[in-house]
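First comes the structure, then the notes that go with it.
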Amino acid sequence: MEQLALGILEKSKTKVIAEILNGFNGFKIEFIEKIGSDDIAQLIEVSEELVKKFGDSAKLTKSNITKYFNKDTLPFVARQNSKIIGYIIGVPLEYFTKEAWSHYDINLGKDNTMYTYAFVVSEQFQGRGGYAKSLKRVYLNYVKKRNYKFITGHTELGIAKNFSKDTETVKIFPEWYNSRVSFEYYRRPIK
Ligand SMILES: CC(C)(COP(=O)(O)OP(=O)(O)OC[C@H]1O[C@@H](n2cnc3c(N)ncnc32)[C@H](O)[C@@H]1OP(=O)(O)O)[C@@H](O)C(=O)NCCC(=O)NCCS
């Protein structure tokens, strides 16, 4: 009943974007066209990784999931042997117009910026090169194909300078919600 009320399919509608071999057998990246209840529990579990850093507001729930997985967003999941082990979600910046932080971005309202809402890989797959890298590469290519000019996001201070030499720090947030570390809002031009 609840699924019907939320308009959520039983099974996600997905498009496989990449199947990665060479030592990563069973690993693939999918674009989620429409989220289904079969994937929700796994996504919620992976989002716990974000909760460790950002607090409860970062947790996906049955009721907030369609805010990030919908026709206007770019959600990708990484699966290992059919189980979701990570995701990255691009959300047009204009989605956040009501949030004070978005107004530091001079591009707000220009429809040229994709904000990276979340990028997360389960702990056991972190630091293992291909998983996070492939997910991010697929995401960047997709954003580029959609003719966006910039990717932005919040990261812990100092991380974004590694993305590309033209990545700029737009603003530093010494306190970001409940986290104890400083964050920056970065902008990366898409080339
Ligand atoms: C962020 C995370 C997915 C990176 O995974 P990892 O296995 O540690 O990845 P690596 O250090 O090998 O980095 C892979 C790529 O992601 C990039 N990256 C790392 N952290 C990033 C971030 N916060 N935002 C965007 N890109 C990031 C790296 O620069 C690297 O890019 P490259 O392929 O161009 O070299 C992982 O550490 C994680 O899930 N952390 C907990 C959640 C979190 O803090 N997410 C970030 C904020 S939403």
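Index from 1, following the sequence. Each ligand, and each atom within it, is numbered from 1 in the order the structure gives. Not measured: the values here are computed from a predicted model.
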Show the distances, to 0.1 Å, for all pairs joining an N/O atom of ligand 1 and a protein N/O atom that are shorter than 3.5 Å, listing one pair per line.
residue	atom	partner	partner atom	Å
ligand 1	7 (O)	Gly127	N	2.6
ligand 1	26 (N)	Lys136	NZ	2.8
ligand 1	33 (O)	Lys133	NZ	3.3
ligand 1	35 (O)	Lys133	NZ	2.9
ligand 1	39 (O)	Val121	N	2.9
ligand 1	39 (O)	Val121	O	3.3
ligand 1	39 (O)	Gln126	NE2	3.3
ligand 1	44 (O)	Lys53	NZ	3.1
ligand 1	45 (N)	Phe119	O	2.8

Exactly one candidate in Thr169, Thr152, Asp105, Thr167 meets side-chain hydrogen bond (donor to acceptor under 3.5 Å, both in side chains) with Arg187; the answer is Asp105
Rounded to the nearest 0.5 Å, how far does CG of Asn162 lie from OH of Tyr186? 12.0 Å
Determine whether the aromatic ring centres of residues Tyr115 and Phe96 are separated by less than 6.0 angstrom. yes
Pair Glu94 + Lys110: basic N to acidic O under 4.0 Å: no
Any side-chain donor paired with an acceptor under 3.5 Å for Asp39 and Tyr87? no
If the threshold is 4.0 Å, N to carboxylate O, is there a salt bridge linking Glu156 and Lys53? yes
